[in-house]
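Okay, so here's the structure we're looking at.
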Amino acid sequence: QVQLVESGGGLVQAGGSLRLSCAASGRTFGWYNMGWFRQAPGKEREFVAAINWSGGRTFYADSVKGRFSISRENRKNTVYLQMNSLKPEDTAVYYCAADPHNEELSDPNYWGQGTQVTVSS
């Protein structure tokens with residue numbers, strides 16, 4: 001089992017950047033595929049990005065390709081989401097997720113509590 005804690009959210013102007021972090025508990029972090037999802041007010045939660053257990057494969061939603069970058073440091077049990085060129089439509093609660101089997105996190109087993117990202121126009 002793994003527990004996930006997100007940090008790094010906040011308020012930023014359009015065009016700005018933020019880096020989200022997700023710290024995971026447990027010795028087996030390196031076995032998990034990791035990812036980020038987001039949920040805007042009144043909308044369903046949606047996939048943002050994922051990275052496989054080794055860091056060798058990454059996946060992105062079309063809406064964030066070229067602007068967001070996911071990475072991980074297995075020694076620190078941490079996964080990151082670097083968000084550049086932020087837009088007001090990126091405003092959402094961002095959730096970290098983990099799955100031991102599926103690289104694209106189609107149905108993650110574990111979720112963090114979320115961190116709010118607000119982009120002002």
Worksheet entry | Gap separating the OG atom of S121 from the NZ atom of K87, nearest 0.5 angstrom | 14.0 Å
Response to the item:
Between L18 and L86 the two heavy atoms that sit nearest each other are N-CD1, 3.9 Å
Worksheet item: What pair of heavy atoms forms the shortest contact from S85 to S17, and how long is it?
Response: N-OG, 4.4 Å
Practice prompt. Following the transitive rule for hydrophobic clusters with a side-chain heavy-atom cut-off under 4.5 Å over Ile, Leu, Val, Met, Phe, Trp and Tyr, establish whether V93 and F37 coincide in one cluster.
Written response: yes
Item to complete: Treating Ile, Leu, Val, Met, Phe, Trp and Tyr as nodes and any side-chain heavy-atom pair under 4.5 angstrom as an edge, say whether I70 and Y110 lie in one connected cluster.
Response: yes
Practice prompt. Would you check if S69 and Y60 make a side-chain contact, meaning some heavy-atom pair closer than 4.5 Å?
Written response: yes
Fill in: Joint hydrophobic cluster, V48 plus V12, side-chain heavy atoms closer than 4.5 Å
yes
Worksheet item: What pairs meet the side-chain hydrogen bond (donor to acceptor under 3.5 Å, both in side chains) rule with one or both residues in residues 89-99, with sequence neighbours excluded?
Response: R38-D90, R38-Y94, R67-D90
Fill in: Closest approach of A40 to A92 (non-hydrogen atoms, all atoms of both residues)
N-CB, 3.8 Å
Practice prompt. Mind listing the closest non-hydrogen atom pair of S71 and I51 along with its distance?
Written response: CA-CD1, 3.8 Å
Worksheet item: Any side-chain heavy atom of V2 sitting closer than 4.5 Å to one from T28?
Response: no
Worksheet item: Are C96 and W36 close enough that some pair of their side-chain heavy atoms sits under 4.5 Å apart?
Response: yes
Worksheet entry | Over 12 foreign heavy atoms within 6.0 Å of CD, Q113 | no
Fill in: Closest contact, heavy atoms only, T78 versus A23
OG1-CA, 4.3 Å
Worksheet item: How long is the span from the OG atom in S120 to the CD atom in Q13, to the nearest 0.5 Å?
Response: 5.0 Å
Discussion item. Under a 3.5 Å distance rule, please check whether E6 uses its side chain to pair with a backbone N or O of G114 as donor and acceptor.
Written reply: yes
Fill in: Straight-line distance of L81 CG to T115 OG1, nearest 0.5 Å
11.0 Å
Worksheet item: Which atom pair, heavy atoms only, marks the closest approach of F29 to A24?
Response: CD1-CB, 3.3 Å
Discussion item. Is there a side-chain contact between L20 and M83 in this structure, where contact means two heavy atoms from C-beta onward sitting under 4.5 Å apart?
Written reply: yes
Worksheet item: What distance separates W53 CH2 from R72 CZ, expressed to the nearest 0.5 Å?
Response: 9.0 Å
Practice prompt. Could you grab the distance from atom CE of M34 to atom CG of L4, nearest 0.5 Å is fine?
Written response: 5.0 Å
Discussion item. Just verifying a value: how many Å separate T58 OG1 and E103 CD, rounded to the nearest 0.5 Å?
Written reply: 10.5 Å
